[in-house]
Peer 1: 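Supplied in structure tokens, the structure appears directly below.
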Amino acid sequence: MEEREEEHTDVQNEGMREMMTHILQTSWNVIEVADEMEPIEYDWYVTTVIVIFEKGKHTLEVGNFLMEQETKIKEASGNRDKNHDIANKLSFVYHKKNTKNWKTED
């Protein structure tokens with residue numbers, strides 16, 4: 001049985017997940033849409049956002065992802081400026097809450 005070190009990820013970081021979920025819920029303002037349809041699975045959005053940041057992508061990619069998803073949820077064009085503002089907030093949370101030890105050498 002070969003043991004290998006798991007790649008670091010913040011996907012399980014509950015504090016980060018809670019803050020990001022709160023930002024999406026309040027910023028997107030799609031709670032009423034969720035009541036009419038199936039509840040929105042914020043977990044999937046938050047996980048995807050964290051993975052985008054972990055891959056070294058920046059707020060531009062996260063903003064584009066959010067705009068695309070908002071368009072699907074509301075079935076109307078997403079607001080580019082608003083979603084990029086949300087991406088900036090998520091970026092701030094990610095960079096303040098991530099647990100990667102950047103000083104360790106592999």
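FYI, side chains are in, hydrogens and waters are out, and symmetry mates aren't considered; it's all heavy atoms of this structure.
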Peer 1: Closer than 3.5 angstrom, by distance alone: can the side chain of Asp10 be matched with the main-chain N or O of Asn13 as a donor-acceptor pair?
Peer 2: no
Peer 1: If we only count heavy atoms from C-beta on, is the Asn64 to Arg80 side-chain gap below 4.5 Å?
Peer 2: yes
Peer 1: Begin from the C-alpha positions of Lys82 and Ser27 and carry the test side chain to side chain contact (heavy atoms under 4.5 Å, CB included) through to its verdict.
Peer 2: CA-CA 8 Å; Lys82 182 176 92 174; Ser27 299; 5.9 Å; no
Peer 1: Side-chain heavy atoms under 4.5 angstrom apart, residues restricted to Ile, Leu, Val, Met, Phe, Trp, Tyr: same cluster for Met19 and Val11?
Peer 2: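 Per the 4.5 Å side-chain linkage, Met19 and Val11 are co-clustered.
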Peer 1: What's the separation between atom CG in Asp81 and atom CE in Met67, rounded to the nearest 0.5 Å?
Peer 2: 9.5 Å
Peer 1: Can you tell me how far CD of Gln25 sits from CE of Met20, rounded to the nearest 0.5 angstrom?
Peer 2: 14.0 Å
Peer 1: Does Ser91 offer a backbone N or O that forms a donor-acceptor pair with the side chain of His95 under 3.5 Å?
Peer 2: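 A pair under 3.5 Å: yes.
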Peer 1: Can any side-chain N or O of Arg17 pair as donor or acceptor with the backbone N or O of Val46 at less than 3.5 Å?
Peer 2: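 No.
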Peer 1: Check Gly63 against Ala87 and note the closest heavy-atom contact, atom names and distance.
Peer 2: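 Closest heavy-atom pair between Gly63 and Ala87: N-CB, 3.5 Å.
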Peer 1: Evaluate the criterion side chain to side chain contact (heavy atoms under 4.5 Å, CB included) for residue pair Met16 and Val93; output intermediate values, then yes/no.
Peer 2: CA-CA 7 Å; Met16 181 186 294; Val93 169; 4.1 Å; yes
Peer 1: Let's go through His58 and Phe53 carefully: what are the C-alpha distance in whole Å and the side-chain angles of both, what is the deciding distance for side chain to side chain contact (heavy atoms under 4.5 Å, CB included) to 0.1 Å, and is it a yes or a no?
Peer 2: CA-CA 6 Å; His58 302 288; Phe53 281 128; 6.0 Å; no
Peer 1: Verify the cluster assignment for Val51 and Phe65: are they in a single hydrophobic cluster under the rule of side-chain heavy atoms below 4.5 Å apart?
Peer 2: yes
Peer 1: Is the closest side-chain donor-acceptor distance between Glu70 and Asn83 under 3.5 Å?
Peer 2: yes
Peer 1: Can you tell me which residue among Val62, Ile52, Thr59, Ile50 is in a side chain to side chain contact (heavy atoms under 4.5 Å, CB included) with Leu90?
Peer 2: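 Of Val62, Ile52, Thr59, Ile50, side chain to side chain contact (heavy atoms under 4.5 Å, CB included) with Leu90 is met by Val62 alone.
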Peer 1: If you look at every heavy atom in His84 and Leu60, which pair is closest and at what distance?
Peer 2: CE1-O, 3.3 Å
Peer 1: Nearest 0.5 Å, what's the CG-CG distance between Asp85 and Leu66?
Peer 2: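 Reported value, rounded in 0.5 Å steps: 11.0 Å.
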